[in-house]
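Counting begins at 1 with the first residue of the sequence.
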Amino acid sequence: VLALLVASLTGKRAFAAGGIVAVFLVTTPVVGVLDFVGGDTVKRLSGLASPPTLVLGLQRWLFRNNPASEIGEYGPVYGLTAAALVCLCVLLLLVRYERVAR
């Protein structure tokens with residue numbers, strides 16, 4: 001949904017693809033930096049900074065595929081963050097396309 005929102009904000013397809021890649025490429029190193037310099041809590045919550053790691057943390061929490069996973073007891077935080085991000089992106093998409101329809 002985030003990629004769809006980024007793509008909807010650009011005028012050309014090539015810029016849309018570049019914008020989507022930029023969002024993922026810019027946010028992924030943030031996770032690495034937070035994981036490297038942060039304490040235990042920051043390391044467990046660093047996955048919230050990037051969409052791919054947010055989905056990975058959500059998967060680990062929902063399916064409990066790794067009992068000693070890196071997210072610890074912060075699984076509900078990952079779930080709430082993912083739900084809020086999806087709701088926000090859908091809301092912004094609705095606002096965006098309501099303006100285009102007029």
Next on the checklist: Test: salt bridge (charged side-chain N to carboxylate O under 4.0 Å, His left out). Region: residues 76-86. Which pairs qualify, not counting sequence neighbours?
Outcome noted: none
Next on the checklist: Closer than 3.5 angstrom, by distance alone: can the side chain of T27 be matched with the main-chain N or O of S50 as a donor-acceptor pair?
Outcome noted: no
Item to check | Close side-chain approach of C89 to L4, heavy-atom, < 4.5 Å | outcome: no
Checklist outcome for this item: From the list V33, T28, L34, side chain to side chain contact (heavy atoms under 4.5 Å, CB included) with V30 holds only for L34
Next on the checklist: Please tell me whether V21 and V26 are part of a single hydrophobic cluster in this structure, the criterion being side-chain heavy atoms less than 4.5 Å apart.
Outcome noted: no
Next on the checklist: Quick check: do L5 and V1 have side-chain heavy atoms less than 4.5 Å from each other?
Outcome noted: no
Item to check | Cluster check V86, L88: I/L/V/M/F/W/Y, side chain < 4.5 angstrom | outcome: yes
Checklist entry - In Å and rounded to the nearest 0.5 Å, what is the CG to CG distance from L80 to L85? => result 12.5 Å
Checklist entry - Please walk me through it: do L93 and S8 pass side chain to side chain contact (heavy atoms under 4.5 Å, CB included)? => result CA-CA 8 Å; L93 277 169; S8 73; 3.5 Å; yes
Item to check | Heavy-atom check, side chain of Y74 versus side chain of T41, under 4.5 Å | outcome: yes
Checklist entry - Looking only at heavy atoms, what is the nearest atom pair of A7 and I20, with distance? => result CB-CD1, 3.9 Å
Checklist outcome for this item: Nearest heavy-atom contact between L2 and P51 is CD2-CG, 3.4 Å
Next on the checklist: To the nearest 0.5 Å, what is the distance between CZ on R44 and CG on D35?
Outcome noted: 11.0 Å
Checklist entry - Under a single-linkage definition using a 4.5 Å side-chain heavy-atom cutoff for Ile, Leu, Val, Met, Phe, Trp and Tyr, are L91 and V6 assigned to the same hydrophobic cluster? => result no
Checklist entry - Are side-chain heavy atoms of L56 and R60 found at a separation under 4.5 Å? => result yes
Checklist outcome for this item: Sorted by chain and residue number, the side-chain hydrogen bond (donor to acceptor under 3.5 Å, both in side chains) partners of T10 (sequence neighbours excluded) come out as none
Next on the checklist: Just verifying a value: how many Å separate Y78 OH and Q59 CD, rounded to the nearest 0.5 Å?
Outcome noted: 13.0 Å
Next on the checklist: What's the separation between atom CG in L45 and atom CD1 in I71, rounded to the nearest 0.5 Å?
Outcome noted: 9.5 Å
Checklist outcome for this item: Heavy atoms of G79 and W61 approach each other most closely as CA-CZ3, 3.8 Å
Checklist entry - What do you reckon, is CZ of F24 surrounded by more than 12 foreign heavy atoms closer than 6.0 Å? => result yes
